[in-house]
Amino acid sequence: MNLQPLLDVLELQEDAARALADGLRAQIDDLQSRLQKAETRLEHLAITRRTVTGLADRLPAVVPDLPEHPDYPRILDSFNHATRPLRAKDVCEALGHELLPKNVEGTRAKLRRLVKLGILTEAGTGRFARKP
C-alpha cells in the first residue's frame with residue numbers, strides 16, 4: 001500500500017490548520033492590543049471623573065441673570081461689603097435713596113426677588129444676607 005497520497009493530504013490539512021491557527025493568533029494579538037487600549041482609556045476616564053467630581057465643590061456657583069434694573073448690581077455690591085445681614089432701609093441708604101416708604105418697599109421687593117433667584121437668603125424677618 002502506498003501511503004504517500006494519504007500523507008500528502010494530511011500535510012495539506014496540517015498546513016491549512018496551521019494557517020488558520022496563525023490567523024487566529026494574529027486576531028488574538030490585535031484584539032488584545034485593542035483591549036489594552038480600551039482598558040487604558042477607561043482608566044483615564046475614571047481618573048478624569050474623580051478629578052472633576054473632586055473639583056466640583058470648588059467651582060464658582062453660576063449666578064442667575066439679574067433682572068434688568070440698575071439697582072440690582074448696586075444692591076449686590078452693598079451685600080459684598082456688608083459684615084452682617086441688611087434690612088431694606090440699610091440697602092436704601094447704601095443706594096443713596098431717600099428713606100421714603102415707597103423706596104423702602106421697592107427695595108424690599110427687589111431683595112425678595114433676589115431671594116427667589118437664590119442669590120440672597122432671608123436671615124430672619126426682614127433681614128437679608130448673601131448666600132454662602
Side-chain angles (χ1 to χ4, degrees):
M1 182 163 149
N2 189 0
L3 293 177
Q4 194 56 43
L6 181 60
L7 293 174
D8 290 342
V9 169
L10 284 173
E11 186 176 340
L12 285 173
Q13 289 181 354
E14 285 175 341
D15 289 344
R18 194 172 292 112
L20 177 62
D22 290 343
L24 290 173
R25 280 188 202 95
Q27 286 180 353
I28 289 171
D29 290 343
D30 179 54
L31 289 173
Q32 284 178 333
S33 173
R34 290 171 55 194
L35 176 61
Q36 179 65 34
K37 288 177 184 175
E39 286 175 340
T40 300
R41 178 75 174 138
L42 283 171
E43 288 174 15
H44 291 165
L45 290 170
I47 291 167
T48 302
R49 177 178 294 281
R50 284 194 303 271
T51 303
V52 168
T53 55
L55 293 174
D57 60 336
R58 298 180 191 172
L59 295 174
V62 177
V63 177
D65 291 332
L66 293 176
E68 291 189 27
H69 191 281
D71 279 349
Y72 284 101
R74 295 173 56 213
I75 290 171
L76 292 180
D77 188 52
S78 66
F79 279 97
N80 288 337
H81 294 87
T83 57
R84 60 179 173 75
L86 300 176
R87 295 187 174 278
K89 283 185 178 185
D90 301 327
V91 176
C92 273
E93 287 177 1
L95 296 176
H97 296 321
E98 289 184 59
L99 293 180
L100 300 173
K102 69 176 190 169
N103 292 339
V104 174
E105 288 305 315
T107 301
R108 185 173 290 116
K110 289 179 180 104
L111 294 173
R112 289 209 170 112
R113 196 167 299 127
L114 291 173
V115 168
K116 285 182 183 177
L117 289 173
I119 298 171
L120 297 180
T121 182
E122 194 161 0
T125 306
R127 296 180 344 192
F128 299 88
R130 191 82 191 235
K131 267 195 165 176

Chemist: Indicate if Val115 and Val91 have the same hydrophobic cluster label, given that clusters are the connected sets of ILVMFWY residues with side-chain heavy-atom separations under 4.5 angstrom.
Modeler: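 In one cluster: yes.
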
Chemist: Evaluate side-chain contact (heavy atoms from CB on, under 4.5 Å) for Ser78 paired with Arg74, printing each intermediate quantity in order.
Modeler: CA-CA 6 Å; Ser78 66; Arg74 295 173 56 213; over 6 Å; no

Chemist: From the options Leu95, Asn80, Leu86, select the one residue that forms a side-chain contact (heavy atoms from CB on, under 4.5 Å) with Ile75.
Modeler: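 Single side-chain contact (heavy atoms from CB on, under 4.5 Å) partner of Ile75 among Leu95, Asn80, Leu86: Leu95.
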
Chemist: If you count every heavy atom of other residues, nucleotides or ligands that lies below 6.0 Å from Gln4 atom CD, does the total exceed 12?
Modeler: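 Enclosed: over 12 neighbouring heavy atoms sit under 6.0 Å from CD of Gln4.
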
Chemist: Under 4.5 Å between side-chain heavy atoms, counting indirect links through other Ile/Leu/Val/Met/Phe/Trp/Tyr residues: same cluster for Tyr72 and Leu76 or not?
Modeler: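 Yes, it is one cluster - the side chains of Tyr72 and Leu76 are joined through contacts under 4.5 Å.
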
Chemist: In Å and rounded to the nearest 0.5 Å, what is the NZ to CG distance from Lys131 to Leu117?
Modeler: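 It is 10.0 Å, given to the nearest 0.5 Å.
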
Chemist: Which heavy atom of His81 sits nearest a heavy atom of Asp77, and at what distance?
Modeler: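 Nearest pair, atom of His81 first, then Asp77: ND1-O, 2.8 Å.
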
Chemist: Taking atom CG of Leu10 and atom CG of Leu6, what is their separation to the nearest 0.5 Å?
Modeler: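 Here the interatomic distance stands at 5.0 Å.
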
Chemist: Measure the spacing between CG of Asp22 and CD of Gln27 and express it to the nearest 0.5 Å.
Modeler: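 Going from the CG atom of Asp22 to the CD atom of Gln27 covers 11.5 Å.
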
Chemist: For side-chain contact (heavy atoms from CB on, under 4.5 Å), just list the numbers for Phe79 and Leu111, CA-CA rounded to whole Å, side-chain angles, deciding distance to a tenth of an Å, and then say yes or no.
Modeler: CA-CA 11 Å; Phe79 279 97; Leu111 294 173; 3.6 Å; yes

Chemist: Kindly compute the distance separating CG (Leu35) from OG1 (Thr40), expressed to the nearest 0.5 Å.
Modeler: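 Reported value, rounded in 0.5 Å steps: 9.0 Å.
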
Chemist: May I ask you to say whether Glu105 pairs ionically with Arg108, meaning some side-chain N is under 4.0 Å from a carboxylate O?
Modeler: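 Yes.
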
Chemist: Is the shortest side-chain N to carboxylate O distance from Arg25 to Asp29 below 4.0 Å?
Modeler: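 Looking at Arg25 and Asp29, the cut-off is not met.
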
Chemist: Nearest 0.5 angstrom please: Leu114 CG to Thr121 OG1, how far?
Modeler: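 Between atom CG of Leu114 and atom OG1 of Thr121 there are 12.0 Å.
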
Chemist: Just verifying a value: how many Å separate Ile119 CD1 and Arg130 CZ, rounded to the nearest 0.5 Å?
Modeler: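 Here the rounded value is 7.0 Å.
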
Chemist: Considering only NZ, NE, NH1 and NH2 on the basic side and carboxylate oxygens on the acidic side, decide whether Arg87 and Asp90 come within less than 4.0 Å.
Modeler: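 Here Arg87 does not pair with Asp90 in a salt bridge, since their nearest N and O are not under 4.0 Å apart.
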
Chemist: Looking at Glu122 and Gly126, would you say the former's side chain and the latter's main chain have a donor-acceptor pair under 3.5 Å?
Modeler: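 Checked: pair present.
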
Chemist: Search all heavy atoms of Thr107 against all heavy atoms of Ala88 and return the closest pair with its distance.
Modeler: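 Of all heavy-atom pairs spanning Thr107 and Ala88, the closest is CG2-O, 3.8 Å.
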
